[in-house]
S.K.: 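Sharing a structure with you now.
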Amino acid sequence: MPELPEVEYVARQLRGSIVEATIDNVLVFWERTIGHPDVPLFLNQIAGCRIEGVRRRGKHLILDLDNAHFLSIHRRMTGNLLLLPPGWVLDTSLREADPVAWETKGPSIYKETEPSNAKSSYCRVCFNFSDGRRLLYTDPRKFGLIELWPRADEQDVFSELGLEPLSEDFTVERLACVLAKRKSPIKQVLLAQKGVAGIGNIYADEALYHAQIHPLRPADSLTPEEVERLRAGIVSVLLLGIEHGGTSFTDYRDLWGEAGDNYSHLLVYDHDGQECKRCNSIIKRIVVAQRGTHFCPGCQPPPHPRAR
DNA sequence: CTATAAACCTGCTGGC
DNA sequence: TGCCAGCAGGTTTATA
């Protein structure tokens with residue numbers, strides 16, 4: 001669920017809170033969350049590092065470290081980052097008490113003054129800072145990945161990612177160039193990350209609605225005017241998402257555990273059966289490339305006459 | 001090469 | 001109320 005706006009929003013929160021903090025050590029509760037290198041080397045290379053900066057590339061959150069490496073955090077579906085002030089307890093007693101439940105729930109967490117308020121954290125990785133704060137990576141479904149790479153390898157690590165939609169590179173010419181090479185439905189191309197990075201299922205639907213383009217239109221069939229409308233739509237829905245602190249369904253929370261407010265500003269995603277605010281048609285839901293896809297049949301004309 | 005399906009996981013929802 | 005099938009923000013890998 002975290003798409004570009006949710007990653008960017010948390011990146012900004014981290015930039016204001018953990019730059020110059022020092023990582024004493026890291027606890028890993030689910031080893032497969034560490035995608036690179038292997039866990040022992042990961043732990044060894046990260047202990048004692050200072051965080052120099054926070055960036056974002058597509059849906060990857062990047063922490064630059066003072067040992068010429070960077071951390072790349074991809075939250076996939078249900079990953080979240082939670083910054084705990086000093087005075088919180090990570091209780092790992094479940095590990096021995098109920099190993100099966102431990103694998104799913106992770107350590108329980110509570111304020112040391114309120115041990116009765118303990119709850120499962122789904123914490124997979126915990127970064128312990130020298131000032132007593134903790135950065136938790138939580139992820140019920142365990143799809144997310146945290147990787148540590150030498151900064152010199154950054155080009156290779158992100159070589160599959162396309163244009164950054166909020167950068168100066170995201171021009172109508174470049175977008176047109178990317179789309180002209182793809183015959184697949186435009187929705188699928190937007191989700192693929194290779195042409196444009198950072199757009200996921202929610203913002204793809206919202207951007208296509210904004211641009212009044214049907215999700216099944218072949219990417220290479222867009223007119224120059226439509227490409228410009230799509231560019232503007234992408235930028236606009238992403239900026240709006242960031243402005244509202246991201247879109248929260250059930251899982252997404254920001255660095256302080258707060259839900260984002262953007263759900264109430266969505267116009268088509270999860271709105272099937274409701275009236276389009278632009279033309280009053282009933283918004284439909286179809287499946288494109290195995291993903292639920294929402295659009296307005298009134299103002300997003302289909303690719304073929306009479307096509308659904 | 002492309003298109004579709006399955007896999008990775010758990011929690012939640014809706015139908016019966 | 002209870003159970004079970006199906007579905008979810010993402011991406012990679014296998015199969016056809």
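The structure displayed is predicted, hence computed values, not measured ones.
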S.K.: Looking for any heavy atom pair under 4.0 Å, which part of the strands does A:Y269 touch: base, sugar-phosphate only, or nothing?
M.R.: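 Since only primed, P, OP1 and OP2 atoms lie under 4.0 Å of A:Y269, the category is sugar-phosphate.
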
S.K.: Decide, yes or no, whether a salt bridge links A:E154 with A:R55 under the criterion of side-chain N to carboxylate O below 4.0 Å.
M.R.: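 A salt bridge is present here (some side-chain N lies under 4.0 Å from a carboxylate O).
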
S.K.: In whole Å, what is the span from the CZ atom of A:F249 to the P atom of C:dC7?
M.R.: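 Checked: the CZ to P distance equals 16 Å.
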
S.K.: Please give the nucleotide sitting opposite B:dC16 as a Watson-Crick or G-U wobble pair, both distances under 3.5 Å, or none.
M.R.: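 The answer is C:dG2, by the H-bond criterion.
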
S.K.: Any chance the rings of A:F249 and A:Y263 have centres within less than 6.0 Å?
M.R.: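 Centroid separation for A:F249 and A:Y263: below 6.0 Å.
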
S.K.: Starting at CG of A:D139 and ending at P of C:dG9, how long is that distance when rounded to a whole Å?
M.R.: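 Rounded to the whole Å, the gap is 15 Å.
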
S.K.: Figure out the NZ/P separation between A:K59 and C:dG10, and round it to whole Å.
M.R.: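 The distance from NZ of A:K59 to P of C:dG10 comes to 4 Å, rounded to the nearest Å.
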
S.K.: When the P atoms of C:dG9 and B:dG14 are considered, how many whole Å apart are they?
M.R.: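 Roughly 16 Å separates the two P atoms.
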
S.K.: Decide, applying a 5.5 Å centre-distance limit and a 30° plane-angle limit (both strict), whether A:F143 stacks on C:dG10.
M.R.: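 Stacked: ring centres under 5.5 Å, planes under 30°.
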
S.K.: Are A:L135 and A:N128 close enough, and set up right, to give a side-chain contact (heavy atoms from CB on, under 4.5 Å), and what steps lead you there?
M.R.: CA-CA 7 Å; A:L135 181 63; A:N128 289 318; over 6 Å; no

S.K.: OP1 or OP2 of C:dG10 less than 4.0 angstrom from a side-chain nitrogen or oxygen of A:H74, does that happen here?
M.R.: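 Answer no for this pair, as no side-chain N or O of A:H74 is under 4.0 Å from OP1 or OP2.
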
S.K.: Considering heavy-atom distances to DNA chain B, does A:R32 or A:A289 have its closest nucleotide positioned more toward the 5' end?
M.R.: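 In this pair, the answer is A:A289.
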
S.K.: Of all nucleotides in DNA chain B with an atom under 4.0 Å from a non-hydrogen atom of chain A, which is the first and which the last going 5' to 3'?
M.R.: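 From 5' to 3', the first and last contacting nucleotides are B:dA3 to B:dG11.
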
S.K.: Between C:dC7 atom C1' and A:M77 atom CE, what is the distance in whole Å?
M.R.: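 After rounding, the gap between these two atoms is 9 Å.
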
S.K.: For atom P, what is the distance between B:dC9 and C:dT13, given to the nearest Å?
M.R.: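 Per the computed distance, 14 Å lies between those P atoms.
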
S.K.: With a 4.0 Å cut-off on heavy atoms, is A:Q193 in touch with a base, just the backbone sugar-phosphate, or nothing at all?
M.R.: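 Sugar-phosphate, no base atom in range.
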
S.K.: With rounding to the closest Å, how many angstrom separate the C1' atoms on C:dT11 and B:dC12?
M.R.: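 Their C1' atoms lie roughly 22 Å apart.
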
S.K.: Round to the nearest Å and state the distance from A:I73 atom CD1 to C:dG9 atom P.
M.R.: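 Those two atoms, CD1 and P, are 23 Å apart.
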
S.K.: When you match A:R285 and A:H60 each to their closest nucleotide on DNA chain C, which lands nearer the 5' end?
M.R.: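 Nearest nucleotide further toward 5': that of A:R285.
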
S.K.: Determine whether A:N262 and A:H244 satisfy the following criterion, side-chain hydrogen bond (donor to acceptor under 3.5 Å, both in side chains), listing intermediate values before the conclusion.
M.R.: CA-CA 5 Å; A:N262 197 237; A:H244 295 127; 3.0 Å; yes

S.K.: Can you confirm if the aromatic rings of A:Y252 and A:Y9 lie within a centre distance of less than 6.0 Å?
M.R.: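 No.
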
S.K.: In whole Å, I'd like the distance from the CG atom of A:D205 to the P atom of C:dG10.
M.R.: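 Computing the A:D205:CG to C:dG10:P distance gives 10 Å.
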
S.K.: Rounding to a whole Å, what distance do you find between A:L4:CG and C:dG9:C1'?
M.R.: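 Atom CG in A:L4 sits about 14 Å away from atom C1' in C:dG9.
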
S.K.: In this structure, how many angstroms lie between the P atom of C:dA8 and the CZ atom of A:R291, rounded?
M.R.: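 Checked: the CZ to P distance equals 8 Å.
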
S.K.: Suppose the criterion is side-chain hydrogen bond (donor to acceptor under 3.5 Å, both in side chains): which pairs have a residue in residues 87-97 of chain A, not counting sequence neighbours?
M.R.: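 Applying side-chain hydrogen bond (donor to acceptor under 3.5 Å, both in side chains) to every pair that reaches into residues 87-97 of chain A, excluding sequence neighbours, yields A:D91-A:S93.
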
S.K.: On DNA chain C, does the nearest nucleotide to A:L191 precede the nearest nucleotide to A:R141 from the 5' side, or the other way round? Give the residue.
M.R.: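 Final value for this comparison: A:R141.
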
S.K.: Is B:dC9 paired to anything, Watson-Crick or G-U wobble with both distances less than 3.5 Å, and if yes, which nucleotide?
M.R.: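 Base-paired to nothing in any strand shown.
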
S.K.: How would you label the contact of A:K105 with the nucleic acid (heavy atoms, under 4.0 Å): base, sugar-phosphate, or nothing?
M.R.: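 The residue A:K105 makes sugar-phosphate contact but no base contact.
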
S.K.: Give one of base, sugar-phosphate or nothing for A:S184, where a contact means two heavy atoms less than 4.0 Å apart.
M.R.: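 Answer is sugar-phosphate: A:S184 comes under 4.0 Å of backbone atoms only.
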
S.K.: Strictly under 6.0 Å, is that where the ring centroids of A:H69 and A:W149 end up?
M.R.: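 No, ring centres 6.0 Å or more apart.
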
S.K.: Please name the pair of heavy atoms, one in A:V189 and one in A:A219, separated by the smallest distance, quoted to 0.1 Å.
M.R.: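 Distance-wise, the nearest heavy atoms are CG2-CB, 3.8 Å.
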
